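Take a look at the structure below.
Remember, predicted model here, so these are calculated numbers, not experimental data.
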Amino acid sequence: AEILEKLAGDGHALPQKVLDWRQLAKLKSTYTDALIAQIHPGTGRVHTSYSMAGTSTGRLASSNPNLQNIPVRSEEGRKIRNAFIAEEGCQLLSADYSQIELRLLAHVAGIDTLIDAFKSGEDIHALTASQVFGVPVEGMDPMVRRQAKAINFGIIYGISAFGLARQLDISNGAASDYINAYFERYPGIRTYMDQTKEEARNQGYVTTLFGRKCHVRGIDDKAPQMRAFAERAAINAPIQGGAADIIKRAMIRLPAALADADLSATMLLQVHDELIFEVPDKEVEDTKAVVKQIMEGAAHLDVPLVVDAGSDANWAEAH
(Lines give C-alpha, C1' and ligand atoms only; values in the text may rest on other atoms or scores of the structure.)
Protein backbone atom coordinates (compact mmCIF):
# COMPACT_ATOMS: atom_id res chain seq x y z
CA ALA A 1 0.00 0.00 0.00
CA GLU A 2 2.86 2.39 0.79
CA ILE A 3 4.43 1.87 -2.63
CA LEU A 4 1.05 2.43 -4.32
CA GLU A 5 0.55 5.64 -2.33
CA LYS A 6 4.01 6.90 -3.31
CA LEU A 7 3.35 6.14 -7.00
CA ALA A 8 -0.11 7.75 -6.82
CA GLY A 9 1.46 10.78 -5.14
CA ASP A 10 3.91 11.03 -8.05
CA GLY A 11 0.94 11.40 -10.39
CA HIS A 12 0.56 7.86 -11.77
CA ALA A 13 -3.10 7.13 -12.58
CA LEU A 14 -3.30 3.33 -12.26
CA PRO A 15 -1.98 3.02 -8.66
CA GLN A 16 -4.53 5.68 -7.63
CA LYS A 17 -7.31 3.62 -9.24
CA VAL A 18 -6.16 0.51 -7.31
CA LEU A 19 -6.11 2.49 -4.03
CA ASP A 20 -9.58 3.92 -4.72
CA TRP A 21 -10.91 0.45 -5.50
CA ARG A 22 -9.42 -0.98 -2.29
CA GLN A 23 -10.98 1.77 -0.23
CA LEU A 24 -14.42 1.28 -1.80
CA ALA A 25 -14.20 -2.53 -1.47
CA LYS A 26 -13.35 -2.15 2.23
CA LEU A 27 -16.21 0.32 2.80
CA LYS A 28 -18.63 -2.04 1.04
CA SER A 29 -17.67 -5.20 2.93
CA THR A 30 -17.02 -3.66 6.37
CA TYR A 31 -19.89 -1.18 6.46
CA THR A 32 -22.47 -1.22 3.67
CA ASP A 33 -22.99 -5.00 3.62
CA ALA A 34 -22.22 -5.71 7.28
CA LEU A 35 -24.36 -2.93 8.80
CA ILE A 36 -27.45 -3.87 6.77
CA ALA A 37 -27.09 -7.42 8.07
CA GLN A 38 -27.04 -6.06 11.65
CA ILE A 39 -30.42 -4.27 11.49
CA HIS A 40 -32.69 -5.58 14.26
CA PRO A 41 -35.96 -6.90 12.73
CA GLY A 42 -38.04 -5.65 15.66
CA THR A 43 -36.74 -2.06 15.92
CA GLY A 44 -35.41 -1.46 12.40
CA ARG A 45 -32.28 -0.06 14.03
CA VAL A 46 -28.68 -1.11 14.50
CA HIS A 47 -27.78 -1.80 18.15
CA THR A 48 -24.15 -1.84 19.28
CA SER A 49 -22.69 -3.31 22.48
CA TYR A 50 -20.36 -1.26 24.67
CA SER A 51 -17.57 -2.76 26.71
CA MET A 52 -16.70 -0.76 29.83
CA ALA A 53 -13.30 -2.37 30.36
CA GLY A 54 -12.23 -3.24 26.84
CA THR A 55 -9.35 -0.75 26.66
CA SER A 56 -6.39 -0.04 28.91
CA THR A 57 -6.98 3.73 28.85
CA GLY A 58 -10.63 3.56 29.93
CA ARG A 59 -12.20 4.46 26.61
CA LEU A 60 -15.41 2.60 25.82
CA ALA A 61 -15.12 -0.06 23.12
CA SER A 62 -18.00 -0.80 20.74
CA SER A 63 -18.73 -4.10 19.00
CA ASN A 64 -21.36 -6.06 17.05
CA PRO A 65 -21.27 -3.77 15.11
CA ASN A 66 -18.49 -1.38 16.05
CA LEU A 67 -20.12 2.04 15.61
CA GLN A 68 -17.04 3.92 16.85
CA ASN A 69 -15.08 3.32 13.67
CA ILE A 70 -17.56 4.59 11.09
CA PRO A 71 -15.23 6.54 8.78
CA VAL A 72 -15.17 10.33 8.81
CA ARG A 73 -11.88 11.35 7.17
CA SER A 74 -12.53 10.49 3.53
CA GLU A 75 -15.28 11.81 1.29
CA GLU A 76 -16.45 8.25 0.45
CA GLY A 77 -16.26 7.15 4.08
CA ARG A 78 -18.44 10.04 5.21
CA LYS A 79 -21.20 8.79 2.91
CA ILE A 80 -21.68 5.84 5.29
CA ARG A 81 -22.70 8.38 7.96
CA ASN A 82 -25.40 9.71 5.62
CA ALA A 83 -27.18 6.39 6.10
CA PHE A 84 -27.65 6.98 9.85
CA ILE A 85 -30.84 9.01 10.05
CA ALA A 86 -33.16 10.22 12.80
CA GLU A 87 -36.82 9.25 13.21
CA GLU A 88 -39.38 11.37 11.36
CA GLY A 89 -39.79 14.69 13.23
CA CYS A 90 -36.42 14.33 14.93
CA GLN A 91 -32.81 15.27 14.32
CA LEU A 92 -29.50 13.76 15.30
CA LEU A 93 -27.51 16.08 17.54
CA SER A 94 -23.76 15.54 17.65
CA ALA A 95 -21.77 17.18 20.46
CA ASP A 96 -18.03 16.73 20.65
CA TYR A 97 -15.20 18.04 22.78
CA SER A 98 -12.95 20.34 20.79
CA GLN A 99 -9.24 19.38 20.99
CA ILE A 100 -9.78 17.78 24.40
CA GLU A 101 -6.51 15.82 24.36
CA LEU A 102 -4.43 18.93 23.62
CA ARG A 103 -6.29 20.77 26.37
CA LEU A 104 -5.56 17.94 28.79
CA LEU A 105 -1.90 17.95 27.77
CA ALA A 106 -1.70 21.70 28.47
CA HIS A 107 -3.36 21.08 31.85
CA VAL A 108 -1.42 18.03 33.07
CA ALA A 109 1.94 19.28 31.77
CA GLY A 110 1.23 22.82 33.01
CA ILE A 111 2.20 24.54 29.73
CA ASP A 112 1.44 28.22 30.47
CA THR A 113 1.61 29.45 26.84
CA LEU A 114 -0.88 26.80 25.74
CA ILE A 115 -3.10 27.30 28.80
CA ASP A 116 -3.29 31.06 28.11
CA ALA A 117 -4.01 30.42 24.43
CA PHE A 118 -6.89 28.06 25.24
CA LYS A 119 -8.26 30.53 27.79
CA SER A 120 -8.29 33.36 25.27
CA GLY A 121 -9.65 31.12 22.48
CA GLU A 122 -6.63 31.54 20.19
CA ASP A 123 -5.96 29.22 17.26
CA ILE A 124 -3.70 26.74 19.02
CA HIS A 125 -2.08 25.30 15.87
CA ALA A 126 -1.28 28.76 14.50
CA LEU A 127 0.20 29.71 17.88
CA THR A 128 2.38 26.58 17.93
CA ALA A 129 3.52 27.27 14.36
CA SER A 130 4.40 30.82 15.34
CA GLN A 131 6.34 29.62 18.42
CA VAL A 132 8.15 26.71 16.76
CA PHE A 133 8.83 28.17 13.31
CA GLY A 134 9.18 31.81 14.36
CA VAL A 135 6.57 33.17 11.93
CA PRO A 136 3.81 35.66 12.81
CA VAL A 137 0.24 34.33 13.21
CA GLU A 138 -1.09 37.13 10.98
CA GLY A 139 -1.12 36.03 7.33
CA MET A 140 0.32 32.62 8.13
CA ASP A 141 0.75 30.11 5.29
CA PRO A 142 -1.88 27.34 5.84
CA MET A 143 0.81 24.72 5.13
CA VAL A 144 2.88 25.97 8.06
CA ARG A 145 -0.16 25.72 10.32
CA ARG A 146 -0.80 22.18 9.02
CA GLN A 147 2.74 21.17 9.98
CA ALA A 148 2.28 22.55 13.50
CA LYS A 149 -1.05 20.73 13.78
CA ALA A 150 0.64 17.43 12.83
CA ILE A 151 3.27 18.02 15.52
CA ASN A 152 0.69 19.05 18.17
CA PHE A 153 -1.34 15.88 17.65
CA GLY A 154 1.70 13.70 16.97
CA ILE A 155 3.42 14.66 20.22
CA ILE A 156 0.46 13.30 22.22
CA TYR A 157 1.03 9.91 20.60
CA GLY A 158 4.82 10.03 20.96
CA ILE A 159 5.42 10.42 17.23
CA SER A 160 8.97 9.76 16.02
CA ALA A 161 10.90 11.96 13.61
CA PHE A 162 10.47 9.15 11.07
CA GLY A 163 6.67 9.11 11.57
CA LEU A 164 6.41 12.88 11.30
CA ALA A 165 8.63 12.94 8.20
CA ARG A 166 6.35 10.46 6.47
CA GLN A 167 3.21 12.30 7.47
CA LEU A 168 4.45 15.70 6.26
CA ASP A 169 6.54 14.35 3.38
CA ILE A 170 9.72 16.02 4.65
CA SER A 171 13.21 14.62 5.44
CA ASN A 172 13.90 12.81 8.72
CA GLY A 173 16.42 15.53 9.60
CA ALA A 174 13.86 18.32 9.14
CA ALA A 175 11.28 16.40 11.18
CA SER A 176 13.81 15.84 13.95
CA ASP A 177 14.62 19.59 13.97
CA TYR A 178 10.90 20.39 14.23
CA ILE A 179 10.44 18.06 17.20
CA ASN A 180 13.50 19.49 18.97
CA ALA A 181 12.30 23.04 18.35
CA TYR A 182 8.88 22.04 19.74
CA PHE A 183 10.39 20.74 22.98
CA GLU A 184 12.55 23.84 23.28
CA ARG A 185 9.44 26.04 23.10
CA TYR A 186 7.42 23.79 25.44
CA PRO A 187 9.95 22.23 27.84
CA GLY A 188 7.11 21.27 30.21
CA ILE A 189 5.91 18.68 27.69
CA ARG A 190 9.25 16.87 27.69
CA THR A 191 9.29 16.97 31.52
CA TYR A 192 5.79 15.50 31.59
CA MET A 193 6.81 12.73 29.17
CA ASP A 194 9.94 11.82 31.15
CA GLN A 195 8.08 11.80 34.48
CA THR A 196 5.26 9.67 33.06
CA LYS A 197 7.69 7.10 31.62
CA GLU A 198 9.49 6.97 34.98
CA GLU A 199 6.17 6.51 36.81
CA ALA A 200 5.16 3.66 34.50
CA ARG A 201 8.54 1.98 35.00
CA ASN A 202 8.38 2.24 38.81
CA GLN A 203 4.75 1.24 39.39
CA GLY A 204 3.65 -0.54 36.21
CA TYR A 205 0.80 1.94 35.72
CA VAL A 206 0.06 5.64 35.21
CA THR A 207 -2.97 7.54 36.50
CA THR A 208 -5.49 9.88 34.94
CA LEU A 209 -6.27 13.22 36.59
CA PHE A 210 -9.17 11.52 38.39
CA GLY A 211 -6.83 8.91 39.86
CA ARG A 212 -7.84 5.98 37.64
CA LYS A 213 -4.97 3.57 36.97
CA CYS A 214 -3.98 2.68 33.42
CA HIS A 215 -1.68 -0.35 33.49
CA VAL A 216 1.24 -0.33 31.06
CA ARG A 217 2.69 -3.63 29.88
CA GLY A 218 6.18 -4.07 28.46
CA ILE A 219 7.80 -0.91 29.85
CA ASP A 220 10.81 -3.03 30.97
CA ASP A 221 10.83 -5.27 27.90
CA LYS A 222 14.26 -6.26 26.62
CA ALA A 223 13.27 -5.48 23.03
CA PRO A 224 13.72 -1.73 22.38
CA GLN A 225 10.72 -1.69 20.00
CA MET A 226 8.37 -3.11 22.63
CA ARG A 227 9.78 -0.71 25.22
CA ALA A 228 9.26 2.31 22.95
CA PHE A 229 5.68 1.18 22.25
CA ALA A 230 4.99 0.88 25.99
CA GLU A 231 6.52 4.31 26.64
CA ARG A 232 4.27 5.89 24.03
CA ALA A 233 1.27 4.16 25.61
CA ALA A 234 2.29 5.46 29.05
CA ILE A 235 2.55 9.05 27.82
CA ASN A 236 -0.78 8.89 26.03
CA ALA A 237 -2.81 7.00 28.66
CA PRO A 238 -3.32 9.84 31.19
CA ILE A 239 -4.38 12.13 28.33
CA GLN A 240 -6.69 9.74 26.47
CA GLY A 241 -7.82 8.19 29.75
CA GLY A 242 -8.55 11.63 31.22
CA ALA A 243 -10.69 12.47 28.18
CA ALA A 244 -12.52 9.14 28.64
CA ASP A 245 -13.16 9.97 32.33
CA ILE A 246 -14.54 13.40 31.45
CA ILE A 247 -17.03 12.21 28.82
CA LYS A 248 -18.21 9.41 31.15
CA ARG A 249 -18.85 11.99 33.88
CA ALA A 250 -20.92 13.97 31.37
CA MET A 251 -22.84 10.85 30.25
CA ILE A 252 -23.79 10.02 33.83
CA ARG A 253 -25.16 13.53 34.45
CA LEU A 254 -26.95 14.07 31.14
CA PRO A 255 -30.14 11.96 31.48
CA ALA A 256 -31.17 13.73 34.71
CA ALA A 257 -30.23 17.17 33.34
CA LEU A 258 -32.34 16.59 30.22
CA ALA A 259 -35.27 15.30 32.28
CA ASP A 260 -35.04 18.34 34.63
CA ALA A 261 -35.24 20.62 31.59
CA ASP A 262 -38.31 18.70 30.33
CA LEU A 263 -36.48 17.56 27.22
CA SER A 264 -37.08 14.16 25.66
CA ALA A 265 -33.75 13.64 23.85
CA THR A 266 -32.27 10.13 23.86
CA MET A 267 -28.52 9.56 24.07
CA LEU A 268 -27.80 7.07 21.27
CA LEU A 269 -24.08 6.75 20.90
CA GLN A 270 -20.68 7.62 22.34
CA VAL A 271 -17.75 7.87 19.94
CA HIS A 272 -14.82 8.68 22.23
CA ASP A 273 -15.03 12.49 22.39
CA GLU A 274 -18.48 12.76 20.80
CA LEU A 275 -22.03 12.07 22.02
CA ILE A 276 -24.94 11.61 19.62
CA PHE A 277 -28.57 12.22 20.61
CA GLU A 278 -31.92 11.86 18.88
CA VAL A 279 -33.92 15.02 19.52
CA PRO A 280 -37.42 16.17 18.50
CA ASP A 281 -37.15 19.04 15.97
CA LYS A 282 -38.66 21.64 18.27
CA GLU A 283 -36.31 20.81 21.18
CA VAL A 284 -33.02 20.96 19.27
CA GLU A 285 -31.78 24.36 20.45
CA ASP A 286 -32.74 23.82 24.11
CA THR A 287 -31.16 20.36 24.09
CA LYS A 288 -27.98 21.73 22.53
CA ALA A 289 -27.69 24.28 25.36
CA VAL A 290 -28.14 21.67 28.12
CA VAL A 291 -25.75 19.18 26.49
CA LYS A 292 -23.06 21.86 26.04
CA GLN A 293 -23.46 23.05 29.62
CA ILE A 294 -23.17 19.56 31.16
CA MET A 295 -20.31 18.42 28.91
CA GLU A 296 -18.29 21.60 29.38
CA GLY A 297 -18.82 21.45 33.15
CA ALA A 298 -17.89 17.75 33.52
CA ALA A 299 -14.41 18.73 34.75
CA HIS A 300 -12.78 21.96 35.86
CA LEU A 301 -9.27 22.24 34.48
CA ASP A 302 -6.77 25.08 34.05
CA VAL A 303 -8.15 25.36 30.52
CA PRO A 304 -11.80 25.64 29.47
CA LEU A 305 -13.50 22.61 27.94
CA VAL A 306 -15.25 23.55 24.70
CA VAL A 307 -17.99 21.51 23.05
CA ASP A 308 -19.03 21.93 19.40
CA ALA A 309 -22.59 20.84 18.69
CA GLY A 310 -24.43 20.46 15.39
CA SER A 311 -27.67 18.82 14.29
CA ASP A 312 -29.25 17.47 11.14
CA ALA A 313 -31.50 14.69 9.86
CA ASN A 314 -28.42 12.49 9.29
CA TRP A 315 -25.17 11.83 11.15
CA ALA A 316 -22.80 13.07 8.41
CA GLU A 317 -24.40 16.52 8.32
CA ALA A 318 -24.82 16.75 12.11
CA HIS A 319 -21.14 16.18 12.82
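Residues Tyr97 and Ala250 approach most closely at OH-CB, 3.8 Å, considering heavy atoms. Nearest heavy atom pair, residue Ala126 against residue Val137, reads O-CG2, 3.9 Å. Here the closest heavy-atom approach between residue Ala161 and residue Ala175 is recorded as O-CB, 3.3 Å. Closest approach of Val132 to Ala181, counting heavy atoms only: CG1-CB, 3.8 Å. The minimum heavy-atom distance between Leu305 and Ala299, with the atom names listed, is CD1-O, 3.8 Å. Residues Ala243 and Leu104 approach most closely at N-CD1, 3.3 Å, considering heavy atoms.
With 3.5 Å as the limit, one finds a donor-acceptor pair spanning the side chains of Asp20 and Gln16. Checking Ser74 against Glu76 by side-chain atom types alone, no donor-acceptor pair falls below 3.5 Å.
In this structure, the separation between CG on Leu105 and CG on Asn152 is 8.5 Å, given to the nearest 0.5 Å. Annotation: the span from Met193 atom CE to Glu231 atom CD amounts to 10.5 Å, rounded to 0.5 Å. Rounded to the nearest 0.5 angstrom, Leu254 CG and Met267 CE are separated by 5.0 Å. Residue Glu198 holds its CD atom at 10.0 Å from CD of Gln203, rounded to the nearest 0.5 Å. From Asp220, atom CG reaches atom CZ of Arg201 across 7.0 Å, with rounding to the nearest 0.5 Å. To the nearest 0.5 Å, the span separating CG on Asp116 from CD1 on Ile111 amounts to 11.5 Å.
In this structure, Tyr178 has its ring center at least 6.0 angstrom away from the ring center of Tyr182. For His125 and Phe153, the gap between ring centers is short of 6.0 Å.
Put simply, the side chain of Ile155 does not reach to within 4.5 Å of the side chain of Ile235, judged on heavy atoms. Looking at heavy atoms from C-beta onward, Glu199 lies in side-chain contact with Thr207 at the 4.5 angstrom threshold. Using a 4.5 Å cut-off on side-chain heavy atoms (C-beta onward), Gln68 and Leu60 make contact. With a 4.5 Å cut-off on side-chain heavy atoms, Ile219 and Arg227 do not count as touching. With contacts defined as side-chain heavy-atom distances shorter than 4.5 Å, the pair Val18/Arg22 qualifies. Side-chain contact between Val279 and Ser311: absent, with no pair of heavy atoms (C-beta onward) separated by less than 4.5 Å. Two residues are said to be in side-chain contact when any heavy atoms from C-beta on lie closer than 4.5 Å; Ser176 and Asn180 meet this criterion. The shortest side-chain heavy-atom distance between Ile170 and Gln147 falls under the 4.5 Å cut-off.
Panel note: side chain Ser98, backbone Val307; no donor-acceptor pair is recorded below 3.5 Å. No donor-acceptor pair closer than 3.5 Å links the side chain of Arg145 to the backbone N or O of Ala129. Of the possible donor and acceptor atoms, one in the side chain of Arg81 sits under 3.5 Å from a partner among the backbone N and O of Pro71. In this structure, Arg212 contributes its side chain and Gly241 its backbone to a donor-acceptor pair below 3.5 Å. Looking only at distances, a side-chain donor or acceptor of Thr55 sits under 3.5 Å from a matching main-chain atom of Gly58.
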*Going through the checks in order, is the side chain to side chain contact (heavy atoms under 4.5 Å, CB included) test met by Val72 and Glu274?*
CA-CA 13 Å; Val72 70; Glu274 175 191 17; over 6 Å; no
_Let's go through Leu269 and Phe84 carefully: what are the C-alpha distance in whole Å and the side-chain angles of both, what is the deciding distance for side chain to side chain contact (heavy atoms under 4.5 Å, CB included) to 0.1 Å, and is it a yes or a no?_
CA-CA 12 Å; Leu269 207 58; Phe84 290 82; over 6 Å; no
*Evaluate the criterion side chain to side chain contact (heavy atoms under 4.5 Å, CB included) for residue pair Val271 and Leu67; output intermediate values, then yes/no.*
CA-CA 8 Å; Val271 183; Leu67 293 182; 5.9 Å; no
*Given side chain to side chain contact (heavy atoms under 4.5 Å, CB included), test Leu209 with Leu301 step by step and report yes or no.*
CA-CA 10 Å; Leu209 69 172; Leu301 311 174; 3.3 Å; yes
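A single hydrophobic cluster is not seen to contain both Ile70 and Ile85; linkage of ILVMFWY side chains at heavy-atom distances under 4.5 Å, directly or through other members, places them apart. Hydrophobic cluster membership is shared by Tyr50 and Val46, with clusters built from Ile, Leu, Val, Met, Phe, Trp and Tyr side chains linked at under 4.5 angstrom. Ile239 and Ile115 fall within the same hydrophobic cluster, defined by Ile, Leu, Val, Met, Phe, Trp and Tyr side-chain heavy atoms under 4.5 Å apart, directly or through other members. Note: the hydrophobic cluster containing Val216 does not contain Met226 (ILVMFWY, side chain heavy atoms under 4.5 Å, direct or indirect links). When hydrophobic clusters are built by joining Ile, Leu, Val, Met, Phe, Trp and Tyr residues whose side-chain heavy atoms come closer than 4.5 Å, directly or via intermediates, Val206 is not grouped with Phe210.
Residue Asp169 places its CG atom among 12 or fewer non-hydrogen atoms of other residues, nucleotides or ligands, all under 6.0 Å distant. Residue Lys292 places its NZ atom among more than 12 non-hydrogen atoms of other residues, nucleotides or ligands, all under 6.0 Å distant.
Under the rule for a ring-ring contact (aromatic ring centres under 6.0 Å, His included), Phe229 has no partner lying at least two apart in sequence or in another chain.
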